[in-house]
Amino acid sequence: MKGFSDRSFPKAILHFDGDSFFASVEQAMNYKLRGKPIVTGAERGAATALSIEAKRLGLNRGMSMKDIRAKCPEVIVVSSDYTSYSVYARRMYAIVRRYTSLVEEYSIDECFADITGLRPMYGMRYEEIALMIKSDLERSLGITFGVGLGPSKVVAKIGSKFRKPGGFTPIPAKEVQNFLKDIPVGNLWGVGFAQALKLQNLGIVTALDFAQKDEAWLRAHHIAKPYREIWYELRGGSARELATEHRGSTDIGSIIKTRTFSPPSPQRAFVLAQLSKNIERACFKARKHGVKTGAVGVMLKTQDFLYRNAEVPLPVPTNDPAYVLKHVQKHFDRMFVPNILYRATGISLRSIVGEKAATLDLFGETLKVEENSKLLDAVDGLNKRYGKETIGLALSLKAVSHHEPDRQRQNSRRTSFVPLPIEQRKKTIDLPFLGMAH
DNA sequence: TCTGGGGTCCTAGGACCC
DNA sequence: TCTGGGGTCCTAGGACCC
């Protein structure tokens, strides 16, 4: 039998999606967990991933462990083990790469692959190639995968979640629209809450409604580029290349470290210590990847989920936490508003450059920074031997144990209301990853 | 809903220059 | 001092993703 013509798959894009990935990895590593209802996320007190068996009991992502244990005492609860999940993710990428070099490592449990033009080489149809890779993955890893085949990434994504778990759905270009009728437009990959709302106000409810609009309509309603691309792919085209450069090592755009602490604190020294800790962890990661940062973003988050951000340029690229802290501290004083409860701080390293890319400035700053790098190597070595965070900045030590004295908590409640600076913004937060509906 | 952590990409608008 | 137009670079912020 003849396969689909090239008009069916002008491009042949695969999307692989590990079923209940974290829970599946736990089961793959420990045979005692197989066939049993298990839930990951014990450390945060809420379910992050659930095995099939746990889902069948009616449990959901985001449910509190308390509720889960009350409802189903037989459920096995484990802590997240991201190190192992990453190992399985890398195995997944490696297996798919045996079949094509064009692989995008999209996330810890997903990847895209481009198999366009490989039919003659394998002597198979695209569907058969997809199934061959799928069964290799499942045999090798002990985890099932949802797999989609389509003329674009958006369509391949639709396919991989069409039948779950363990499904395979090929969608030729001319059949794409048959799959769109029952998909709410907000469920499309790349269409979030805000855009779904906008489209709904324009009378667009399903993905099919969107696909059937014409270009004049898109222009008239100022549909932005990312959504024009989705529209184009729903009509059988391909607008998005695979990002095949492996972003693993040096090719990092930014490094972000944020941490929520509990209970929230109004204390300047404590909040700064938290920030300092985040700076250390971010710089540690930068050193591990052999990169430096030329500017950092500082974030303070209040108990009311108001955010205050500042961009702090650094005179010289660095991955030395003490140097970063020195420059951040000046801005911190301006950002920190007394008598407000803070719940989290964050740091993001931007303008990332390679470790060698230091340029000499007029004031000899570079040389001073360089002197520190040998010391930091030694620190990293010790921390590796004796456990993470054995050695840290003195400031950060304040953040290590946080026992908020009752006296201060009461003080903070009694303090009068202080109007927030205008720079503070409310951010809407949605948590699709935890299974909350938009 | 009572809210974690780590990312990327796009766009609008200001600063600066010719 | 006022007037025009156009280009580039940068940053803040929005939106989205897992």
Side-chain angles (χ1 to χ4, degrees), chain A residues 15-18 20-22 40-49 60-64 67 80 82 85-86 89 104-112 153-154 157 160-161 185-199 222-230 239-241 243 245 247-248 251-262 264 274 277-278 281-282 285-286 289 294-299 301-313 343-352 422-438:
Chain A
H15 180 247
F16 298 92
D17 192 341
S20 313
F21 193 69
F22 298 169
T40 75
E43 78 286 351
R44 53 185 279 265
T48 300
N60 295 309
R61 277 196 299 195
M63 258 175 105
S64 78
D67 292 350
S80 304
Y82 287 95
Y85 307 154
S86 304
E104 174 176 341
E105 303 177 358
Y106 181 67
S107 77
I108 197 160
D109 66 339
E110 295 174 41
C111 65
F112 291 96
K153 290 167 77 173
V154 166
K157 264 266 197 187
S160 67
K161 69 171 172 185
V185 71
N187 285 11
L188 287 170
W189 180 50
V191 179
F193 181 78
Q195 189 65 19
L197 200 65
K198 172 174 172 171
L199 290 173
H222 305 107
I223 302 300
K225 186 180 170 192
Y227 314 106
R228 291 199 301 268
E229 289 178 353
I230 291 169
R240 298 169 173 197
E241 292 293 306
E245 317 296 316
R247 303 197 161 214
D251 205 20
I252 292 176
S254 67
I255 292 171
I256 297 176
K257 291 291 171 189
T258 65
R259 213 45 126 214
T260 302
F261 40 87
S262 180
Q274 285 287 333
K277 241 183 130 44
N278 283 326
R281 296 186 314 162
K285 185 167 178 184
H289 289 282
V296 301
V298 182
M299 181 276 288
K301 182 177 179 183
T302 73
Q303 191 184 21
D304 300 328
F305 288 82
L306 294 166
Y307 292 74
R308 188 131 204 239
N309 298 292
E311 168 108 0
V312 181
R343 62 156 28 230
T345 70
I347 192 89
S348 78
L349 310 187
R350 325 222 242 257
S351 312
I352 298 273
I422 201 159
E423 295 91 330
Q424 294 200 335
R425 308 182 323 279
K426 183 85 176 178
K427 260 192 194 169
T428 55
I429 298 182
D430 67 333
L431 302 163
F433 192 45
L434 295 186
M436 307 271 187
H438 296 314

[X], nearest nucleotide to its side chain (from [options]):
X: Arg343(A); options: dC16(C), dG6(B), dG4(B); answer: dG4(B)
X: Lys225(A); options: dG5(B), dT11(B), dC18(C); answer: dT11(B)
X: Thr260(A); options: dG4(B), dA15(C), dG6(B); answer: dG4(B)
X: Arg259(A); options: dC10(B), dG6(B), dC16(C); answer: dG6(B)
X: Thr258(A); options: dG4(B), dG5(B), dC10(B); answer: dG5(B)
X: Trp189(A); options: dG4(B), dC17(C), dA15(C); answer: dC17(C)

Point to revise | salt_bridge(Arg350(A), Glu311(A)) N-O dist < 4.0 Å | key: yes

Smallest heavy-atom separation, Ala49(A) atom then Phe22(A) atom, equals CB-CB, 3.7 Å

Heavy-atom closest pair (Ala89(A) atom, Ile108(A) atom, distance to 0.1 Å) is CB-O, 3.1 Å

- Message: Tell me whether the rings of His15(A) and Phe112(A) are parallel (<30°), tilted (30 to 60°) or perpendicular (>60°).
- Response: tilted

Just N and O in the side chain of [X]: are any of them under 4.0 Å from OP1 or OP2 of [N]?
X: Arg350(A); N: dT11(C); answer: no
X: Tyr106(A); N: dT8(B); answer: no
X: Lys198(A); N: dA15(C); answer: no
X: Thr48(A); N: dG4(B); answer: no
X: Lys257(A); N: dG5(B); answer: no
X: Ser348(A); N: dG6(B); answer: no

Length of the [atom1]-[atom2] vector between [X] and [N], whole Å:
X: Lys153(A); N: dC9(B); atom1: NZ; atom2: C1'; result: 12 Å
X: Gln195(A); N: dC9(B); atom1: CD; atom2: C1'; result: 14 Å
X: Ile223(A); N: dC10(B); atom1: CD1; atom2: C1'; result: 15 Å
X: Phe193(A); N: dC16(C); atom1: CZ; atom2: P; result: 9 Å
X: Leu197(A); N: dA15(C); atom1: CG; atom2: P; result: 10 Å
X: Phe261(A); N: dG5(B); atom1: CZ; atom2: C1'; result: 15 Å
X: Lys301(A); N: dG6(B); atom1: NZ; atom2: C1'; result: 13 Å
X: Asp304(A); N: dC2(B); atom1: CG; atom2: C1'; result: 12 Å

Here DNA chain C, pairs taken as Watson-Crick or G-U under 3.5 Å and shown with ( ), [ ] when crossing and | when to another strand, reads ....||||||||||||||

Are the side chains of [X] and [Y] in touch, meaning some heavy atoms are under 4.5 Å apart?
X: Lys301(A); Y: Arg308(A); answer: no
X: Ile223(A); Y: Leu199(A); answer: yes
X: Val298(A); Y: Asn309(A); answer: no
X: Met299(A); Y: Thr345(A); answer: no

Practice prompt. Give a yes/no verdict on base stacking between dT3(B) and Phe305(A): centres under 5.5 Å, planes within less than 30° of parallel.
Written response: yes

Is [X] touching bases, backbone alone, or none of the nucleic acid, heavy atoms closer than 4.0 Å?
X: Ile347(A); answer: nothing
X: Ile108(A); answer: nothing
X: Tyr227(A); answer: sugar-phosphate

Any sub-3.5 Å donor-acceptor pair from Ser80(A)'s side-chain atoms to Tyr82(A)'s backbone N or O?
no

